[in-house]
Amino acid sequence: MYEASYYNKLENKAVQCTLCPRNCIIDEGKFGNCNARRNRNGILSSEVFSKIAAIDTDPIEKKPLYHFYPGSQILSVGTTGCNLHCVFCQNHAISQCNNRSPVLIKTISPDELIAIANKTPKNIGIAFTYNEPVINFEYVIESSRLAKMNQLKTVMVSNGYINPDPLEMLLNYIDAFNIDLKGFSDTFYKKYTKGTLKPVLETIQQIKAKGKHIELTMLVLPTINDDEKQFEAMCKWISRKIGPNTVLHLSRYFPRYELNQYPTPAELLFSLFDIAKNYLNHVYIGNMATEIYANSYCPNCGALLIERTYSYINKKGIDDLGNCLKCNKNVFENI
Ligand code: SF4
């Protein structure tokens with residue numbers, strides 16, 4: 001048993017988990033909503049600590065992170081469970097199952113994870129991804145603490161559904177985040193994710209306030225979260241609260257899990273891209289073969305900085321410090 005870091009003890013051996021905004025009250029023997037935390041005799045335990053469902057070395061662009069050490073490789077790891085339940089989840093085989101699932105393929109302790117990371121050629125660090133890392137909080141903290149001692153970078157790909165205190169703790173150890181901003185209405189979040197929007201917006205602002213690298217991803221669901229006015233309001237909010245240089249990835253949806261909608265038409269992605277570019281300097285289209293919309297351009301002079309195809313990165317217009325070779329503007333902080 002690995003005792004959870006954030007919970008309160010209640011009467012009759014019940015507990016309240018305070019890790020994420022669900023704040024589940026869990027009776028003795030029962031699991032929380034994420035299927036990753038269990039009340040064991042009045043003690044809240046993380047049931048997924050060191051239990052691994054997926055581990056691989058990925059291009060950092062696949063997270064996606066486009067402005068954080070572009071072209072590098074990162075050891076990526078995930079377990080099972082999630083504290084949201086999106087009907088369109090693209091990773092539901094591991095996110096919407098429990099810790100008794102056969103998809104949990106092996107046990108890897110934080111020490112062992114660091115040893116693998118150190119042995120992996122050309123690897124810059126560890127990315128906690130595939131399922132929701134928040135619900136494996138203790139493993140992320142312990143592994144990241146060791147990663148920092150080993151000069152490894154740490155990345156988290158998350159739905160941003162976490163309470164402020166545990167997030168503050170994570171911010172001591174995580175270098176870069178990709179946060180899903182799945183839509184810009186609470187009605188959408190409640191109906192399609194079984195969560196709420198406000199905590200996600202607060203997480204994004206808290207990460208930014210701490211000065212950590214942050215990129216945002218929106219999976220574009222045709223007819224569901226693609227209202228142009230709402231999307232424009234989201235882009236304005238990002239620009240005003242997080243800054244016009246915030247990276248926004250628009251990702252193409254394919255039918256998965258419980259939502260059987262048609263794949264996002266390319267024209268819809270192009271049209272939302274044009275709206276976003278009125279407010280944000282760095283907008284990308286992902287999950288679709290489109291070179292122009294995946295390339296990085298200098299917001300100052302328009303020069304092509306980085307060419308991207310699925311697996312090919314060419315840093316043709318940028319120096320090792322992240323400066324545009326044409327106008328010398330510093331565009332990337334981490335390169
Ligand atoms: S982390 Fe899991 S158990 Fe804890 S409040 Fe969130 S959903 Fe509930």
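Just so you know, ligand 1 is whichever comes first in the structure, and atom 1 is the first atom listed for that ligand. Model, not experiment: these values are computed from the prediction. All heavy atoms count here, side chains included; hydrogens, waters and symmetry mates do not.
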**Prompt:** Using the ring of each side chain (for Trp, its six-membered ring), is Phe270 parallel, tilted or perpendicular to Tyr293, with breaks at 30° and 60°?
**Reply:** parallel

**Message:** Parallel, tilted or perpendicular: which one describes the rings of Trp237 and Phe184, with boundaries at 30° and 60°?
**Reply:** tilted

**Lys/Arg N to Asp/Glu carboxylate O, Asp58 vs Lys63, below 4.0 Å** = yes

**Asked** Should Tyr139 and Thr79 be marked as a side-chain contact (heavy atoms from CB on, under 4.5 Å) after you check the CA-CA gap, both sets of side-chain angles, and the distance that decides it?
**Response** CA-CA 10 Å; Tyr139 186 73; Thr79 181; over 6 Å; no

**Request:** Determine whether the side chains of Glu132 and Asn159 contain a donor N or O and an acceptor N or O closer than 3.5 Å.
**Result:** yes

**Prompt:** Salt bridge or not for Asp175 and Lys148, using N-O below 4.0 Å?
**Reply:** yes

**Item:** Count, waters excluded, of protein N, O or S atoms under 2.8 Å from atom 6 (Fe) of ligand 1
**Value:** 1

